[in-house]
Number of protein chains: 2
Amino acid sequence: MDIQTLRQTHPDHWMRATAIRALTLDAVAAANSGHSGMPMGMADVATVLFANHLKFDPKAPRWADRDRFILSAGHGSMLIYSVLYLTGYADMTLDQIKAFRQWGSITAGHPEYGHVAGVETTTGPLGQGIANAVGFAMAEESLRARWGAKVQDHYTWVIAGDGCLMEGVSQEAIGLAGKQQLSRLIVLWDNNGITIDGKVSLSDVTDQQARFAASGWDVFDCDGHDPVDIDRALTAAKASPRPALVACKTHIALGHAAQDTSKGHGALTDKAQLQAAKDSYGWTGGAFEVPAEIKRWWESLGAKGAKARAEWEARMAALSPAKQAEFARIFALEAPTKLAATVRAVKKQAVADMPKLATRASSEKVLAALNPVLPETIGGSADLTGSNNTKTADLGVFTAEDRKGRYVYFGIREHGMAAAMNGMALHGGVRPYGGTFMCFTDYARPSMRLSALMGIPVVYVMTHDSIGLGEDGPTHQPVEHLAISRATPNTLVIRPADLVEVAEAWEIALTEKTRPTVLALSRQNLPAVRKAHTAQNMVAKGGYVLAEATGKRQVILMATGSEVEIALKARETLEAEGIGTRVVSMPSMELFAAQDEAWRKRVLPAGPVRVAIEAGVRQGWDRWLLGERGREAKADFVGMSSFGASAPMERLYAEFGITADATVAKVKALL
Amino acid sequence: MDIQTLRQTHPDHWMRATAIRALTLDAVAAANSGHSGMPMGMADVATVLFANHLKFDPKAPRWADRDRFILSAGHGSMLIYSVLYLTGYADMTLDQIKAFRQWGSITAGHPEYGHVAGVETTTGPLGQGIANAVGFAMAEESLRARWGAKVQDHYTWVIAGDGCLMEGVSQEAIGLAGKQQLSRLIVLWDNNGITIDGKVSLSDVTDQQARFAASGWDVFDCDGHDPVDIDRALTAAKASPRPALVACKTHIALGHAAQDTSKGHGALTDKAQLQAAKDSYGWTGGAFEVPAEIKRWWESLGAKGAKARAEWEARMAALSPAKQAEFARIFALEAPTKLAATVRAVKKQAVADMPKLATRASSEKVLAALNPVLPETIGGSADLTGSNNTKTADLGVFTAEDRKGRYVYFGIREHGMAAAMNGMALHGGVRPYGGTFMCFTDYARPSMRLSALMGIPVVYVMTHDSIGLGEDGPTHQPVEHLAISRATPNTLVIRPADLVEVAEAWEIALTEKTRPTVLALSRQNLPAVRKAHTAQNMVAKGGYVLAEATGKRQVILMATGSEVEIALKARETLEAEGIGTRVVSMPSMELFAAQDEAWRKRVLPAGPVRVAIEAGVRQGWDRWLLGERGREAKADFVGMSSFGASAPMERLYAEFGITADATVAKVKALL
């Protein structure tokens with residue numbers, strides 16, 4: 001439908017939707033930066049969605065049973081900022097709109113979770129939002145099954161562009177959602193036929209509707225400017241028993257000189273063209289001016305949601321106090337009171353048994369104890385369940401037939417799994433963890449970075465964490481991946497050495513509220529190294545003295561995970577030769593760095609030579625070897641400087657020189 | 001078709017194909033590790049492919065016009081090792097088969113490029129092979145268009161499993177191939193319905209044929225055990241004017257107790273079950289024994305290829321000597337003689353002009369000079385052509401209609417682009433480079449790692465390389481990505497500071513033969529810092545003295561790329577206060593580390609305090625700040641320790657303290 005027809009046939013709708021367009025044009029012009037075309041193209045769809053379909057209450061942006069709205073095409077951030085302002089979200093003031101993309105404003109270039117009430121997830125890296133949405137919808141299904149439709153009963157809506165659909169992660173999301181029959185998930189595709197480089201047809205001929213249908217979705221389409229047609233399609237999509245795609249045929253940068261061109265994707269800042277666009281809309285207000293009656297109409301939309309919320313609150317109040325408290329607890333990410341005691345019991349038993357176990361197997365043991373205590377956990381694996389040891393007996397399997405199941409077979413979809421876990425964590429009420437091989441964190445990287453950027457406590461169970469996996473060879477052997485995770489801000493990396501450290505690591509991961517945890521776990525069996533019970537969580541200190549030097553302390557050996565055993569062996573040899581050697585277990589550099597200086601100096605006093613042992617690259621270790629300012633110690637490193645190889649693990653450790661003998665030799669060279 | 005029927009109706013084929021099964025069972029049993037089920041399931045398809053369709057000559061594994069065979073389902077490595085042994089590839093001896101997955105053997109757990117003649121690409125990380133194959137097919141189309149069908153005229157065949165098709169990167173590959181109408185690309189899908197966790201239906205309901213058809217592929221199917229039906233389908237696929245998928249219905253671990261189960265995916269080592277399987281096959285030989293007549297038949301298959309190769313060589317010999325030399329040059333990755341002179345000319349002009357340019361714009365300038373000199377380059381971008389500055393006027397666009405074009409619109413497919421570039425480089429005859437934002441190296445990581453592991457000279461043009469990109473905010477601002485690339489073995493990272501350094505960086509990247517290069521380029525404008533012409537490529541030294549201290553040298557400032565400007569400013573302030581300050585430009589740590597000790601000590605003598613400035617995390621810098629063994633210098637770092645933010649770039653540098661003033665303050669604190 002063209003602008004003239006729209007203005008004539010749907011004048012009220014037209015001006016309401018055009019408020020989004022006008023604010024977008026003004027904000028992008030003020031910032032001299034941003035993306036105008038998408039909000040201008042999808043304004044009509046967004047208006048119909050918020051007016052007739054989305055369950056929301058601007059007064060209660062965190063209301064647990066709201067519909068979730070996800071702008072997967074995050075570059076079109078002015079769409080959501082405009083709507084949040086128009087509908088009356090308290091923190092989205094006109095001043096914020098005016099400060100679009102400026103230091104200190106909440107209106108960042110791309111929508112950021114935690115900055116803005118009403119922004120459910122951080123988007124911009126394409127494909128993430130649609131893949132997050134699968135996790136949102138799974139969390140809703142899980143909670144609805146367990147708490148009943150009176151407590152959880154909502155939809156997840158997504159606006160996605162061609163960029164989102166071209167990214168591979170979208171296929172993983174589509175496949176997972178189709179299999180899981182997530183009928184409350186609705187994707188509104190901004191089908192404008194334009195990408196940055198030109199027409200979509202420059203790089204793709206995919207029939208998107210056929211593609212979604214092939215993975216078990218229902219597909220619909222509409223004229224993305226005609227409010228009646230949009231409403232019909234959205235109504236049909238809601239009724240579908242499967243996840244639904246609505247292909248919304250739109251014009252990017254509608255009404256602007258750049259309409260239907262790739263130029264329309266970016267920042268439209270030419271003043272004359274801006275004015276001409278407003279003129280064609282019949283929009284007469286000045287910059288950032290929205291007519292009062294239009295603003296009132298938008299603000300009135302929250303009333304329906306406010307009523308629904310009041311009803312929901314009444315239903316919640318009718319629950320038993322214990323249930324109310326439990327619901328509040330899981331959404332507040334509070335650990336259950338039993339967690340600490342359960343971890344302690346596992347640790348005590350571990351010290352009694354001293355099992356020789358791979359840390360991935362230790363992890364399963366710990367999860368078997370903790371999952372029954374934490375009903376909020378949802379576990380899974382990217383098709384490596386038996387190898388990642390992520391499934392415990394009590395979980396059941398999450399399927400379309402059993403929504404109470406808490407284990408997800410994610411399929412061979414590391415990226416989709418990570419993005420879905422982000423969505424689950426963001427939805428709230430569940431605590432997701434998921435496994436793959438450490439090396440394949442590569443596949444999940446974009447979503448793992450977003451876990452960190454958003455500050456959400458997803459747990460990545462990364463097994464087969466070194467050349468110790470053996471014969472599968474260098475394609476499967478992580479070498480640089482500990483360094484990669486440690487280089488990423490706000491990411492907690494823990495590489496435990498035995499069952500006790502694994503139990504402590506899980507306690508930390510499951511009480512985190514503001515960052516993801518990467519657990520690096522071994523394929524190979526490891527001896528127990530913590531031989532006396534401590535009530536204190538030593539992993540929480542990051543690094544601590546595992547074995548002290550006898551006599552004069554000349555050497556400090558540091559190691560993590562599977563290499564702690566090697567450090568202890570090297571210490572034996574050195575001590576036998578009269579060289580006093582301390583062994584520091586350093587399961588988490590981030591936690592160690594967060595300790596006060598007194599602790600760090602107690603564990604790593606200046607003076608003794610230092611050698612670190614880790615079956616990965618050195619990068620990241622120098623801070624602890626050499627001291628932040630340098631000159632603390634002479635130091636060396638035993639680890640990898642190349643990719644691995646295919647052979648039994650004992651041979652690999654010997655060939656790559658990650659042994660007690662090699663450690664002793666390096667120590668002696670420094671003394 | 002079941003085993004009994006097959007044995008009766010196609011007895012010769014049956015025993016030939018079963019040679020693959022028997023060798024697989026024996027090798028996996030000997031290694032007590034590996035994946036038996038896939039080779040046992042796909043043996044019939046592989047036999048028909050090698051017997052009737054694949055153009056290959058075991059005597060000339062690198063023959064430029066061979067068909068390429070890619071085992072995307074790389075865990076089934078015994079399939080390709082068996083076939084290479086059976087057909088008589090010289091280095092694939094029976095001893096190698098017996099040493100499957102052992103140290104020093106070429107028969108690694110997953111097929112590795114460079115270890116084994118006949119292995120065209122390293123696979124194992126799922127989805128990579130099918131995405132590489134798109135690059136192979138594009139390279140063939142490009143060379144065929146430019147050299148004629150007498151020189152290049154071959155197919156690219158892929159065996160892919162459900163894992164490959166579930167990985168998101170497969171969608172990017174399928175979309176790109178469909179758009180490009182790569183009719184010489186044929187994917188044989190091992191449709192066995194099984195993954196590691198169980199049935200495919202546990203995690204996916206996708207109708208794969210409908211999915212491929214939606215992206216412009218032709219689709220076929222066959223009984224993957226019936227040789228006649230397989231042959232029919234492969235013949236039809238070859239005739240298709242579009243890329244073709246052949247769904248081969250197979251039984252994983254055919255004939256073994258574990259047939260059609262997820263257990264069949266892994267290592268089948270039970271001796272009694274192994275013998276029972278062989279019995280059901282009618283296979284009477286001992287371990288690793290192949291009846292002579294069957295071996296002879298397999299060896300005879302190479303004759304057809306040898307004849308085709310002889311004819312091809314005759315055709316090549318008829319080309320002009322110059323053309324022959326040029327063909328040999330591009331396949332040997334030799335730089336053209338004009339490259340060095342062209343780079344020198346750009347450098348001279350740069351010193352004359354001293355333009356203030358973003359290094360991404362400098363990169364375009366350099367490419368505009370070099371692309372006409374290197375006909376082997378194929379450039380592209382993942383839908384950020386104008387931002388990555390990767391397209392130069394002479395390239396033309398590679399499309400189904402114009403195969404001579406040398407610029408690829410890869411679409412919003414960073415991962416697929418990287419994998420396709422790997423495929424192009426592996427095919428030979430072309431040198432691919434491709435761009436995206438530095439932050440989205442995350443999406444391409446799995447393929448970038450494989451560029452490094454395989455040792456192939458793909459060039460990654462990563463622009464917008466820091467918070468300097470400004471308003472797009474932290475989702476788009478790399479912080480940890482330089483550290484990530486530097487942590488990856490065999491990866492060359494170059495972050496040039498101005499047009500001269502960019503020219504030198506490209507000269508290095510385009511003469512590399514054995515590793516990928518990551519070029520980190522700025523969005524923002526930067527001043528010229530190299531003000532005098534040097535014939536020598538200074539970037540090739542990795543780090544060098546850009547500005548020397550006057551008087552006593554008390555301080556060494558190190559910086560890369562956009563922060564060299566800040567180092568120079570800080571030096572001015574310090575020098576004005578009488579503090580002798582050297583500035584070292586350090587565009588590449590890998591190249592600097594490769595210099596002899598004398599150079600490194602000349603550039604970084606022990607003693608003066610050191611401060612490094614880079615708008616990324618510190619990780620990776622300590623080696624140069626503190627010295628490998630420590631105690632070299634007191635040192636500090638000016639950079640990022642958190643994610644960025646959305647604001648104009650000048651503000652971000654000020655807020656995050658990456659300024660000349662902050663540098664001066666840190667220096668003074670150390671003095």
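Here is the naming used below: chain letters follow the sequence lines, and residue numbers restart at 1 for every chain. Please read these numbers as outputs of a predicted model, since none were measured by experiment.
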Nearest 0.5 Å, please: how far is CD1 in B:Ile174 from CG in A:Asp204?
11.0 Å

Which value, rounded to the nearest 0.5 Å, describes the distance between A:Thr488 atom OG1 and B:Asp442 atom CG?
7.5 Å

Which atoms of A:Thr195 approach chain B - backbone, side chain, both or neither, heavy atom under 4.5 Å:
both

Honestly, the part of B:Ser33 sitting under 4.5 Å from a heavy atom of chain A is side chain

Nearest 0.5 Å, please: how far is CD in A:Glu112 from CZ in B:Phe643?
10.5 Å

Look only at the side chain of B:Asp472 and the backbone of A:Gly109, and say whether a donor-acceptor pair between them is shorter than 3.5 Å.
no

Interface residue of largest heavy-atom contact number with chain A, from B:Gly198, B:Gly416, B:Ala213, B:Ser201, under 4.5 Å
B:Ser201

Closest heavy-atom pair and its distance - A:Ser642, B:Pro489:
C-CG, 3.8 Å

Which atoms of A:Cys164 are under 4.5 Å from chain B, going by heavy atoms: the side chain, the backbone, both sets, or neither?
neither

Are the charged groups of B:Glu480 and A:Arg486 less than 4.0 angstrom apart, N to O?
no

Part of B:His35 within contact of chain A (heavy atom distance under 4.5 Å):
side chain

A:Val617 versus chain B, heavy atoms under 4.5 Å apart: side chain, backbone, both or neither?
side chain

Hey, can you tell me if B:His476 and A:His110 have their rings parallel, tilted or perpendicular (30° and 60° cut-offs)?
parallel

Just verifying a value: how many Å separate B:Asp207 CG and A:Ser215 OG, rounded to the nearest 0.5 Å?
8.5 Å

Okay, A:Thr441 and chain B: the region with an atom under 4.5 Å from a heavy atom over there is neither

